[in-house]
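Predicted model, so just to flag it, every value in this text is computed and none were measured. Note: hydrogens, waters and symmetry copies are ignored here, and every other heavy atom, side chains too, is used.
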Amino acid sequence: MISSILIAAVPPTPSWTPTVGLVMLACNLLAIVIGSRVIQNRGKGPNLPIDLPGLGRFGVPELLATTSFGHILGAGTILGLTNAGIL
């Protein structure tokens with residue numbers, strides 16, 4: 001009985017398309033920009049092999065943290081847009 005209720009509560013998930021990829025990319029870039037402005041203790045871990053313009057001392061831990069946050073934002077955005085019928 002409970003399993004049938006849980007199956008009914010699963011939201012529709014879209015298959016991967018370039019539009020879904022662009023939404024995830026935009027969410028990750030937004031998270032990196034937000035993280036570069038908000039993170040206070042930057043540069044504690046290893047640095048990135050390239051310098052990203054405008055980010056200052058932005059290392060591997062900061063990149064992993066912001067892209068993890070970006071994936072959370074992206075998953076919510078994609079599910080929300082799918083539920084709204086836009087994707």
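Between Ile34 atom CD1 and Leu29 atom CG the span is 11.0 Å, to the nearest 0.5 Å. The CD1 atom of Ile32 sits 6.5 Å away from atom OG1 of Thr67, with the distance rounded to the nearest 0.5 Å. Rounded to the nearest 0.5 Å, atoms CZ (Phe69) and CG (Leu64) are 15.5 Å apart.
Hydrophobic cluster of Val23: the remaining members, joined at side-chain heavy-atom separations below 4.5 Å, are Trp16, Val20, Met24, Ile78, Leu81, Ile86, Leu87, listed by chain and number.
Taking each heavy atom of Cys27 and Gly70 in turn, the nearest pair found is CB-O, 3.7 Å.
Cluster membership check: Val38 does not share its hydrophobic cluster with Leu73, using side-chain heavy-atom separations under 4.5 Å among Ile, Leu, Val, Met, Phe, Trp and Tyr.
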